[in-house]
Amino acid sequence: MILSIESSCDDSAIAITEIATKKLLFHKKISQEIEHSVYGGVVPELAARLHAKALPKILEQCKPYFDKLKAIAVTSSPGLAVTLVEGVTMAKAIALALNIPLIGVNHLVGHIYSLFIEKETQFPLTVLLVSGGHTQVMEVESLENIKTVAKSMDDSFGESFDKVAKMMGLGYPGGPLIQELAKDGDRLKYNFTVPLHQSPKIAFSYSGLKNAVRLAVEAAGDDKEEYKHIAASFEHIATKHLTMKLKKYFKTNPPKHFAIVGGASANLYLRAQIEQLLDPYKAELLLSELQYCSDNAAMIGRVAIEMYEQKNFSTLDELNVVPKSTP
Ligand code: KG4
Ligand code: ZN
């Protein structure tokens, strides 16, 4: 079995996965959404302190599995330096105490493998990753061959939802809150400009849209009824930006198997729009189970099985936290 730890942002999670069967035997996650909610976003130092409390609590429940563990896996990049350190330190301590190998997992690769929890992998795959930290399109041939073909130049898709929710005083995380508010709104009421619509570049940008929304929120003042139309129009344009760029990309790279992963892949409007976009290509759409879209340790354990089989281990000295990295 492999014990895997995730602490790259505001979720403390530990999983136990059986290597031979890929079965997830244990998974527990403690989220910090309530604690960060008052700030409208994740406060790194607060997150680190909460991980320091939550991780040992979850680990306590894993003790019955300790004598069957063959390796310890942990998210070591990318993420918040102060929170990654909490998981990596714990992983090193367990690896040392049990004298078993240590596996450092890339969080973005983890999101890709969230598609394959308790399943076999399926490649090649075109993947859209939409999370709080990233918005990127990747061509995935295998674990070792992941090519990023487009990414955000500034804010990420999920982050823009968080920031719009903060402007409206809704709380954190913004994605589900904006999605709920947008449900009854008029998606066409606010004619926000689609980011980079005149640019031939296949890249993403959300900072301009965010500022346009800010002006609309300010103009609406206390008229909360208006917020739902702003939320609906924002969600529409934020999604249209993704589908327009993907459409352009598909002209030269028609998709066969396409996946959406990451916390924001839970967004229902996005899922529906991508389904429509894929229809003419008759491409298959792969999605993670809703519970594994957001950060979790099961996806880290799933990557770790592959790395274990390749004996892709790190020594205690080698494994370091790398806050910024690509897959
Ligand atoms: O993957 P994740 O849990 O953490 C990172 O790796 O960043 O993604 C969290 C992000 C947050 O920005 C959150 O607002 C967004 O995913 N999110 C959503 C939805 N659910 C979560 N964004 C849009 N619509 C949703 N339904
Ligand atoms: Zn994530």
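As the structure lists them, so they are numbered: ligands from 1, and atoms in each ligand from 1.
In terms of polar-atom proximity, defined here as any N/O pair under 3.5 Å, Gly158 does make such a contact with ligand 1. Between Gly263 and ligand 1, an N or O atom pair is found at a separation short of 3.5 Å. Here's the thing with Asn267: one of its N/O atoms is less than 3.5 angstrom from an N/O atom of ligand 1. Here's the thing with Gly132: one of its N/O atoms is less than 3.5 angstrom from an N/O atom of ligand 1.
Of all atoms in ligand 1, listed by their number and element, those nearer than 4.0 Å to a heavy atom of Gly174 are 14 (O). For ligand 1, the atoms closer than 4.0 angstrom to any heavy atom of Ser131 are 1 (O), 5 (C), 6 (O), 7 (O), 8 (O), 10 (C). Atoms of ligand 1 lying under 4.0 Å from at least one heavy atom of Asp162, given by number and element, are 11 (C), 12 (O), 13 (C), 14 (O). Heavy-atom contacts of Gly133 reach the following atoms of ligand 1: 7 (O) (cutoff under 4.0 Å). Every atom of ligand 1 with a heavy atom of Phe161 under 4.0 Å away is listed here by number and element: 23 (C). Atoms of ligand 1 lying under 4.0 Å from at least one heavy atom of His107, given by number and element, are 6 (O). Taking every heavy atom of Ser294 and a limit of under 4.0 angstrom, the matching atoms of ligand 1 come to 3 (O).
At a threshold of 4.5 Å between side-chain heavy atoms, the hydrophobic network of Ile, Leu, Val, Met, Phe, Trp and Tyr places Val42 and Val82 in two separate groups. Ile2 and Ile94 end up in different hydrophobic clusters when Ile, Leu, Val, Met, Phe, Trp and Tyr side chains are linked at under 4.5 Å. Both Val109 and Leu129 sit in one connected hydrophobic cluster of ILVMFWY residues. Membership requires side-chain heavy atoms under 4.5 Å apart, directly or through other members.
Taking the six-membered ring where the residue is Trp, the centroids of Phe123 and Phe116 are separated by under 6.0 Å. Separation of the His229 and Tyr190 ring centroids does not fall under the 6.0 Å cut-off.
The residues Glu159 and Lys163 are annotated as salt-bridged, a charged nitrogen and a carboxylate oxygen being separated by less than 4.0 angstrom. With salt bridges taken as basic N to acidic carboxylate O contacts below 4.0 Å, one links Lys189 and Glu226. A salt bridge links Glu235 with Arg187: the distance from a Lys NZ or Arg NE/NH1/NH2 to an Asp or Glu carboxylate oxygen falls below 4.0 Å.
Metal site remark for the Zn ion (ligand 2): His134 contributes no N, O or S atom at a distance under 2.8 Å.
Side chains of His51 and Asp10: no donor on one and acceptor on the other come within 3.5 Å. Looking at Asp155 and Ser160, their side chains never bring a donor and an acceptor atom within 3.5 Å of each other.
Looking at Asp295 and the Zn ion (ligand 2) together, the shortest N, O or S contact belongs to OD1. Atom NE2 is the N/O/S atom of His111 found closest to the Zn ion (ligand 2).
Sorted by first and then second residue, the salt bridge (charged side-chain N to carboxylate O under 4.0 Å, His left out) pairs involving residues 37-60 (not counting sequence neighbours) are Glu60-Lys63.
Look at Cys9 and you'll find every heavy atom at least 4.0 Å from all atoms of ligand 1.
The nearest heavy-atom contact from the protein to atom 3 (O) of ligand 1 is Asp295 N, 3.0 Å. Given atom 19 (C) of ligand 1, the protein heavy atom at minimum distance is Gly175 CA, 3.6 Å.
Partners of Phe66 under the ring pair (Phe, Tyr, Trp, His ring centres under 6.0 Å) rule, at least two apart in sequence or in another chain, do not exist in this structure.
Residue contacts with ligand 1, taken as heavy atom pairs separated by less than 4.0 Å, involve His111 solely via side-chain atoms from C-beta onward.
Among Glu235, Glu180, Met299, Gln179, the residue whose heavy atom sits closest to atom 26 (N) of ligand 1 is Gln179.
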